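Dropping the structure in here first, questions after.
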Amino acid sequence: MSRFYLTTAIDYVNSRPHLGTAYEKITADVIARYKRLSGVTTRFLMGNDEHSQNVFRRARELGLEPLEYCNRMEQEFRGVWQALGISFDDFIRTTEPRHRVGVTWMVERIATAGDLYEGFYEGWYCVSCEAFKQEKDLVDGNCPIHRVRPEWIRERNHFFRLSKYRDALVSLFDRHPEFLLPDVRRNEILRLLEGGLEDISISRAGQAWGIPLPTDPSSAVYVWFDALINYASAVGLGDAHDARFAEWWPADLHVIGKDITRFHTVVWPAMLMSAGLELPRQVFGHGWVHLGGQKMSKSLGTTLDPAEVAGKFGADPLRLYLVKEIPYGQDGDFTWERYEERYNVDLANNLGNLVSRVAAMVDKYRGGRLGAPESSPDALASKASETVQVYRRAMDGFALHEAAAAAFRLVDAANEFIAQTEPWALARDPAQAGRLDAVLSGAVETVRIAAVLLLPVMPAAAAEILARMGENRPPASLRLDEDTTWRVEPERVVSKASALWPRAE
RNA sequence: GCCGGUGUAGCUCAGUGGUUAGAGCACGCGGCUCAUAUCCGCGGAGUCCGGGGUUCAAGUCCCUGCACCGGCACCA
């Protein structure tokens with residue numbers, strides 16, 4: 001029995017999720033739903049990253065205990081994900097005991113392997129920020145936020161022997177070109193590896209907010225070293241006899257933003273190698289969603305609340321836009337103008353209107369009930385079958401945008417078919433009754449197949465369309481193989497209802 | 001600075017060395033009336049960033065210039 005374990009990056013909780021964060025979860029959700037539709041046992045993990053000094057500071061600003069603050073933020077995040085129809089199976093928080101167990105185990109294993117040593121981390125430290133600053137981030141030698149000169153601090157902490165794993169990583173990329181997609185990200189990492197690796201510090205001294213380093217409890221595990229481990233701790237890392245870990249590790253796919261590729265394809269595999277664990281099979285670094293050509297930035301206030309966007313036309317139109325209009329792996333752009341355009345074209349005019357006209361004709365000419373057609377439109381049936389092929393190939397290669405576009409070409413084919421066969425003319429001629437049944441059945445069947453293909457992208461809308469087309473099984477029980485095969489039903493009950501997506505002006 | 005990417009219709013973008021370079025939107029014309037003023041068909045529209053080169057043949061390959069974007073290790 002095949003299984004698929006996929007994850008997204010866990011999110012800092014110092015502010016509510018923005019559209020870019022939502023983009024990652026939506027595309028991962030499309031992949032998860034596609035796998036389930038394909039009959040693959042799927043586990044989809046998401047979560048929150050809570051051990052950050054920014055989170056600690058934010059909580060204090062609000063006069064809250066950090067954990068109390070994180071509890072509130074968890075509800076905020078879960079609320080947004082629910083509104084967007086994200087079908088995660090598990091949600092991990094890095095403050096959970098199961099994560100602490102995993103991190104502790106991992107650090108101990110790495111230490112046992114001889115890959116942990118004490119050293120000194122040096123850098124510019126801004127007392128007001130309580131954080132180290134990069135040289136390049138300083139403005140005239142001062143902290144850009146507090147406008148004060150940071151102190152040069154030398155802090156004793158613990159290093160991970162990342163450099164030791166350079167050759168093994170080069171070999172990994174060599175043997176598994178598919179390990180990191182898209183290719184542009186892979187090339188960047190290969191160049192980084194060519195330049196050699198330095199060991200990295202994985203602890204911070206004297207921080208109370210974090211997981212204590214097992215080998216030196218006065219230090220905390222640095223936040224991102226802590227964070228990466230969530231993928232494994234969520235399935236029971238830390239207990240060799242945990243059945244869930246044996247079942248689900250390694251992950252099949254980490255979906256992440258392109259900015260954190262290095263952590264996932266260099267540091268994380270090295271950590272796993274050191275600990276003697278299997279490596280994730282694949283990492284996909286998606287691009288950014290820009291706003292009107294501008295990079296989204298919290299500090300510049302150029303962010304967009306996904307709940308606000310979903311509030312306009314619903315979650316499914318937003319999901320469709322992000323999936324279909326942005327080639328997966330590249331950067332994309334969101335503007336309200338373009339969003340409204342795509343809503344009107346794809347949903348109001350094409351898919352929505354198609355559902356309306358088909359249902360209306362079955363209602364008007366056949367009282368909502370279609371008998372067995374004497375024949376089936378072969379051209380349309382082969383178009384459907386060809387579309388399914390294209391769709392599957394695209395989805396399997398993470399070309400989510402092409403898969404969505406393929407489904408909409410089938411919608412176009414149905415509209416074209418109706419224009420050519422003119423059911424309204426057939427309805428006027430009693431001698432053409434059999435032909436009318438065949439035409440209407442063919443149209444309904446095409447809409448049904450298109451809706452099955454759209455289930456991963458627009459789960460709620462596709463389910464509604466299926467119900468209107470007379471599909472009475474629950475969407476979760478449908479399977480891509482059998483349920484996208486052209487059918488000739490002895491009877492179809494089609495329901496007419498209000499417009500799915502009224503045109504926006 | 002080094003490395004990489006992008007530049008194609010008014011807009012957003014496709015385009016394996018091989019007829020007359022395509023799609024969607026926008027625009028114009030025609031058709032239909034089942035449908036959410038929707039749908040279907042036809043059409044106008046391009047110095048494929050500039051310059052050189054390879055080739056029987058270049059939007060596509062090579063060199064070069066310009067413009068914009070990204071990456072360059074403790075930024076999830």
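Please read these numbers as outputs of a predicted model, since none were measured by experiment. Below, each value reflects all heavy atoms present in this structure, side chains not excepted, and no hydrogens, waters or symmetry copies. Below, read A as the first sequence line, B as the second, and so on, with proteins coming before strands; counting in each chain starts at 1.
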Checklist entry - Given the side-chain rings of Tyr117(A) and Phe159(A), with only the six-membered ring counted for Trp, is the space between their centroids under 6.0 Å? => result yes
Next on the checklist: Looking at His401(A) and Tyr328(A), would you say the former's side chain and the latter's main chain have a donor-acceptor pair under 3.5 Å?
Outcome noted: yes
Next on the checklist: Ring-plane angle category for Trp268(A) and His254(A), please: parallel below 30°, perpendicular beyond 60°, tilted otherwise.
Outcome noted: tilted
Checklist entry - Hey, does the side chain of Arg357(A) come within less than 4.0 Å of rC39(B)'s phosphate (OP1/OP2), counting only N and O? => result no
Checklist entry - Contact class for Ile256(A) vs. all strands (heavy atom < 4.0 Å): base, sugar-phosphate, or nothing? => result nothing
Checklist entry - What interatomic distance, in whole Å, is found between P of rU47(B) and the corresponding atom of rU8(B)? => result 12 Å
Checklist entry - Atom NE2 of His264(A) to atom P of rA76(B): distance rounded to whole Å? => result 11 Å
Item to check | Spacing of Glu188(A) atom CD relative to rC75(B) atom C1', expressed in whole Å | outcome: 15 Å
Next on the checklist: So Pro423(A), base contact, sugar-phosphate only, or nothing? Heavy-atom distance under 4.0 Å.
Outcome noted: nothing
Checklist entry - Does Glu188(A) pair with Arg191(A) as a salt bridge, N-O distance under 4.0 Å? => result no
Next on the checklist: Suppose you measure atom P in rC13(B) against the same atom in rG30(B); what distance do you get, rounded to whole Å?
Outcome noted: 33 Å
Next on the checklist: Looking at Tyr222(A), I'd like to know whether one of its side-chain N or O atoms comes within less than 4.0 Å of OP1 or OP2 on rA73(B).
Outcome noted: no
Checklist entry - When all nucleic acid strands are considered with a 4.0 Å heavy-atom cut-off, which category describes Glu416(A): base, sugar-phosphate, or nothing? => result sugar-phosphate
Checklist entry - Within 45° of the axis and under 6.0 Å from the centre of the six-membered ring of Tyr321(A), does NZ or CZ of Arg342(A) qualify? => result no
Item to check | C1' gap between rG1(B) and rG50(B), integer Å | outcome: 25 Å
Checklist entry - Across the strands shown, which category fits Gly287(A) at heavy-atom distances under 4.0 angstrom: base, sugar-phosphate, nothing? => result nothing
Checklist entry - Whole Å only: how far is the NZ atom of Lys164(A) from the P atom of rA73(B)? => result 25 Å
Next on the checklist: Let's test this: given Watson-Crick or G-U wobble pairing with both distances under 3.5 Å, identify the partner of rC68(B).
Outcome noted: rG5(B)
Checklist entry - On a whole-Å scale, what distance lies between the C1' atoms belonging to rG52(B) and rC66(B)? => result 15 Å
Next on the checklist: Roughly how many Å apart are rG41(B) and rC32(B), using the P atom of each and rounding to a whole number?
Outcome noted: 15 Å
Checklist entry - Does the ring center of Phe77(A) lie less than 6.0 Å from the ring center of Phe91(A)? => result no
Item to check | side-chain hydrogen bond (donor to acceptor under 3.5 Å, both in side chains) partner of Glu96(A), the single match among His99(A), Arg100(A), Arg98(A) | outcome: Arg98(A)
Checklist entry - NA contact type, Ala348(A), heavy-atom cut-off 4.0 Å: base, sugar-phosphate, or nothing? => result base
Next on the checklist: Need to verify one output field. Residue with the more 5' nearest nucleotide on RNA chain B, Arg338(A) or Ile418(A)?
Outcome noted: Arg338(A)
Checklist entry - With a non-hydrogen cut-off below 4.0 angstrom, is Gly257(A) in contact with a base, only sugar-phosphate, or nothing? => result nothing
Next on the checklist: Rounded to whole Å, please give me the gap between CG in Asn415(A) and C1' in rC34(B).
Outcome noted: 11 Å
Checklist entry - Between Asn349(A) and rU36(B), is there a side-chain N or O to OP1/OP2 distance below 4.0 Å? => result no
Next on the checklist: My understanding is that a pair needs two contacts under 3.5 Å, Watson-Crick or G-U wobble. By that rule, which nucleotide pairs with rC74(B)?
Outcome noted: none
Checklist entry - Which of the following nucleotides, rC74(B), rU36(B), rA76(B), is nearest to the side chain of Asn353(A)? => result rU36(B)
Item to check | Any strand: nucleotide that pairs with rG43(B) via Watson-Crick or wobble, under 3.5 Å | outcome: rC27(B)
Next on the checklist: Closest-nucleotide mapping onto RNA chain B: is Arg342(A) or Leu347(A) further toward the 5' terminus? I mean the 5' end.
Outcome noted: Arg342(A)
Checklist entry - Hey, is the side chain of Arg185(A) poking within less than 4.0 Å of OP1 or OP2 on rC72(B), counting only N and O atoms? => result no
Item to check | Given rC34(B), rA73(B), rG24(B), the nucleotide with the shortest approach to the side chain of Leu197(A) | outcome: rA73(B)
Checklist outcome for this item: From CD of Glu341(A) across to C1' of rG10(B) the rounded distance in Å is 13 Å
Checklist entry - With a 4.0 Å cut-off on heavy atoms, is Asn350(A) in touch with a base, just the backbone sugar-phosphate, or nothing at all? => result sugar-phosphate
Checklist outcome for this item: Using Watson-Crick geometry (N1-N3 plus N6-O4 or O6-N4) or G-U wobble (N1-O2, O6-N3), each under 3.5 Å, rU20(B) is paired with none
Item to check | Presence of Arg262(A) side-chain N/O under 4.0 Å of rC72(B) phosphate oxygens OP1/OP2 | outcome: yes
